[in-house]
Structures are given as C-alpha cells and as structure tokens.
Trainee: 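I am attaching a structure below and will ask some questions about it afterwards.
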Amino acid sequence: MKKTILILLLASGLATAGSFAQVGAGYAKGDNDGDMLTAFGGLNVLGNLGLRLEYTKNISEHPEFSKDDVSRYGLFATYTLPLTPNFSVTPKAGLTQTDGEFSTLDTIETVSDSSTEFTYGLEINYSYNELISLFVGYTDYGKELDIKDIDTSKLDTANYTFGIKIDI
C-alpha cells in the first residue's frame, strides 16, 4: 500500500510538472577571475520541486599556482517559481563536496584537500521555448578548503554562472 501511494504521488507530481527532468551547462567567471564550467542534471520530483546533481571544474589556473585543480560535486534541492510565462527563479540549497589539488610556484610539493559544505544559490531563468531556457545564477560555496601554506583566499568561492538548460 505504501509503495502504491508513493508511486501515485510521484506520478501526479510528474504529470503536473512542466518537464520530467533537465540537463544543463554553464560558464562562470569566479570571484577571483578563475574560469569554471558547470554541468548538471535534475529531476522534478513533485511539481516544480526537484533534485539536481552538479559538477563544476576549473578550466584555468590561478597565476600563483603551478597546478590548481578544483572539482565540486553537489546535490541540491531546487524549486522553480514561475514569475511570468517566460521568466522564473530557481533557488537551490544543498551539499557540495570540493576536492582541490595545488602546487605553488617554485616548489615540487603538491598539496590536496577535500571538504563538504552547505551551499546555496539562485538562478533567474528565461524560457526561449518549451524545451530551452537560458539562465543567470549565483552560487556561494562558502569557505571551502583549509590547506597548510596555501592562501585559499585566492580560490573562487562564489560563481556568477550563465548557461543553458534543456527540459526533457
């Protein structure tokens, strides 16, 4: 009986949602001028309430490091609030796992660290058509890594992202 009720709730949520899922990609110039790429996939669970998996990777290196490798894996709860037929906002909150590996200039030592942080953000969406949306968003990753002998204030902790979403 519990399984039947759960299946009915999920089916009714999917039936009332504008789409079943989303995939997307974005580009961000971080707060310390690092270039970041983000890819995500989301599933609408109940109506406009959803779950999203995100992956963010730096594609440029900070000039003070000979190696600057930062990856973020996130799981977010999202809610898309329609404002007009073409515009909506999507707040998100969740956990992000950040993995970093660094080498400073003039050294051969490589330092790495990993942390999990509460993360939040907000996106403004423009629906180009029924399948494609453009978005501008902000994500605050908080104080991520605490690495001995590395000035982590040089690392990007917030991103203003713009990109594209495709509804499935």
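The first residue in the sequence is number 1, and the count goes up from there. Computed over heavy atoms, backbone and side chain alike; hydrogens, waters and symmetry mates excluded.
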Trainee: Could you tell me whether the side chain of Val23 reaches within less than 4.5 Å of the side chain of Ile168, counting heavy atoms only?
Mentor: yes
Trainee: Indicate, with yes or no, if Val136 and Leu83 share a hydrophobic cluster defined by side-chain heavy-atom contacts under 4.5 Å among Ile, Leu, Val, Met, Phe, Trp and Tyr.
Mentor: no
Trainee: Does Tyr55 reach the side chain of Ser71, with side-chain heavy atoms less than 4.5 Å apart?
Mentor: yes
Trainee: Distance check, rounded to the nearest 0.5 Å: Leu75 atom CG versus Gln97 atom CD?
Mentor: 12.0 Å
Trainee: Transitively linked via ILVMFWY side-chain contacts under 4.5 Å: Leu49 with Leu122?
Mentor: yes
Trainee: Report the distance from atom CZ of Phe118 to atom OG1 of Thr96, rounding to the nearest 0.5 Å.
Mentor: 9.5 Å
Trainee: Do Ile132 and Ser127 have side chains that approach each other closer than 4.5 Å (heavy atoms only, starting at C-beta)?
Mentor: no
Trainee: Taking all heavy atoms of Asn129 and all of Leu131, pick out the closest pair and write down the distance.
Mentor: OD1-N, 2.9 Å
Trainee: Under a single-linkage definition using a 4.5 Å side-chain heavy-atom cutoff for Ile, Leu, Val, Met, Phe, Trp and Tyr, are Val89 and Tyr120 assigned to the same hydrophobic cluster?
Mentor: no
Trainee: Just wondering, do Leu43 and Phe20 contact through their side chains at under 4.5 Å, heavy atoms?
Mentor: yes
Trainee: Rounded to the nearest 0.5 Å, how far apart are CG of Leu51 and CG of Leu46?
Mentor: 9.5 Å
Trainee: Please examine the side chains of Lys29 and Asp35, heavy atoms only from C-beta on, and report whether any two atoms are closer than 4.5 Å.
Mentor: yes
Trainee: Taking the side chain as every heavy atom from C-beta outward, state whether Lys92 and Glu54 have any atom pair closer than 4.5 Å.
Mentor: yes
Trainee: Enter the distance from Thr119:OG1 to Asp140:CG here, rounded to the nearest 0.5 Å.
Mentor: 8.0 Å
Trainee: Do the charged groups of Glu117 and Arg72 touch, with an N to O distance under 4.0 Å?
Mentor: no
Trainee: Would you indicate whether the side-chain heavy atoms of Asn125 and Thr90 approach each other to under 4.5 Å?
Mentor: yes
Trainee: Is there a path of hydrophobic side-chain contacts, each under 4.5 Å between heavy atoms of I, L, V, M, F, W or Y residues, that connects Tyr128 with Phe135?
Mentor: no
Trainee: Could you check whether atom CD1 of Ile124 has more than 12 heavy atoms from other residues, nucleotides or ligands sitting under 6.0 Å from it?
Mentor: no
Trainee: Looking only at non-hydrogen atoms, find the nearest pair between Asp167 and Glu130 and report the distance.
Mentor: OD2-O, 3.5 Å
Trainee: Is Val70 close to Thr98 at the side-chain level, that is, under 4.5 Å between some pair of heavy atoms?
Mentor: yes
Trainee: Is the NZ or CZ atom of Arg52 both under 6.0 Å from the centre of the six-membered ring of Phe40 and within 45° of that ring's axis?
Mentor: yes
Trainee: Check whether the side chains of Ser88 and Thr80 place a donor and an acceptor atom closer than 3.5 Å, and report yes or no.
Mentor: no
Trainee: Determine whether the aromatic ring centres of Phe162 and Tyr27 lie less than 6.0 Å apart.
Mentor: yes
